[in-house]
Amino acid sequence: MAFIRLADLIVNINCIAAVRLSTYNGSDEGKEIPIVNICLMIPEGSLDGETEPCCEKCQGVEKLEYESDLAIAIWNYFSESSDVTVLFD
């Protein structure tokens, strides 16, 4: 298994379902702030210890969000990975 560390969290990359880069306008100056959203296929609430009991095969989605320089570093990691095939840009 391969793991990555994202600030204070270590994630098994086999649990990552999707990674999306977007931006939002964070100030009156019109400066766009990058955001990366990561969807993990694990029971929802498991990172907060709020998982409700369900069957063993039940999977939910836990969403992570990072912004600014960390968002760019995460996006670069995935976009430059040899495990990612680019179909179109």
Side-chain angles (χ1 to χ4, degrees):
M1 283 189 218
F3 292 86
I4 58 172
R5 188 179 75 158
L6 304 172
D8 61 346
L9 185 65
I10 296 175
V11 176
N12 179 338
I13 62 171
N14 294 328
C15 294
I16 296 174
V19 178
R20 181 180 65 187
L21 178 67
S22 60
T23 61
Y24 73 93
N25 189 340
S27 66
D28 295 333
E29 299 171 9
K31 183 178 178 183
E32 294 291 315
I33 298 173
I35 299 175
V36 162
N37 293 89
I38 300 173
C39 292
L40 302 176
M41 294 302 298
I42 57 176
E44 190 170 355
S46 62
L47 293 177
D48 301 322
E50 299 175 2
T51 311
E52 296 199 15
C54 65
C55 65
E56 290 180 19
K57 295 180 181 179
C58 178
Q59 288 196 4
V61 175
E62 185 77 41
K63 297 175 186 173
L64 305 174
E65 182 175 284
Y66 297 94
E67 62 180 54
S68 299
D69 293 339
L70 184 54
I72 296 299
I74 292 167
W75 180 253
N76 287 342
Y77 171 81
F78 284 104
S79 63
E80 295 170 5
S81 171
S82 62
D83 293 331
V84 175
T85 301
V86 178
L87 297 179
F88 59 91
D89 275 328

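As a basis for the values below, the full set of heavy atoms in this structure was taken, side chains included, without hydrogen atoms, waters or symmetry mates. One is the number of the first residue; the rest follow in order along the sequence.
At least one side-chain heavy atom of Y66 sits under 4.5 Å from a side-chain heavy atom of L9.
Heavy atoms only, all atoms of each residue included: I10 and R5 are closest at CG1-CG, 3.9 Å.
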> Can I16 and L40 be said to form a side chain to side chain contact (heavy atoms under 4.5 Å, CB included), step by step?
Replying inline: CA-CA 5 Å; I16 296 174; L40 302 176; 3.6 Å; yes

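A search for side-chain contact (heavy atoms from CB on, under 4.5 Å) contacts involving L21 returns P34, V36, W75, not counting sequence neighbours. The side-chain hydrogen bond (donor to acceptor under 3.5 Å, both in side chains) search around S22 returns none, not counting sequence neighbours. For N37, the side-chain hydrogen bond (donor to acceptor under 3.5 Å, both in side chains) partners are E65, not counting sequence neighbours.
At a threshold of 4.5 Å between side-chain heavy atoms, the hydrophobic network of Ile, Leu, Val, Met, Phe, Trp and Tyr places V19 and I72 in two separate groups. L6 and I35 fall into different hydrophobic clusters, where Ile, Leu, Val, Met, Phe, Trp and Tyr side chains are chained together by heavy-atom contacts under 4.5 Å. Clustering ILVMFWY residues whenever any of their side-chain heavy atoms sit less than 4.5 angstrom apart, transitively, puts I13 in the very cluster that holds V11.
Taking a 6.0 Å sphere around CG of N14, one finds it holds more than 12 heavy atoms contributed by other residues, nucleotides or ligands.
Here I4 contributes atom CD1 and I38 contributes atom CD1; the two are 6.0 Å apart, rounded to the nearest 0.5 Å. Taking SG of C39 as the start and NZ of K63 as the end, the distance is 6.0 Å to the nearest 0.5 Å.
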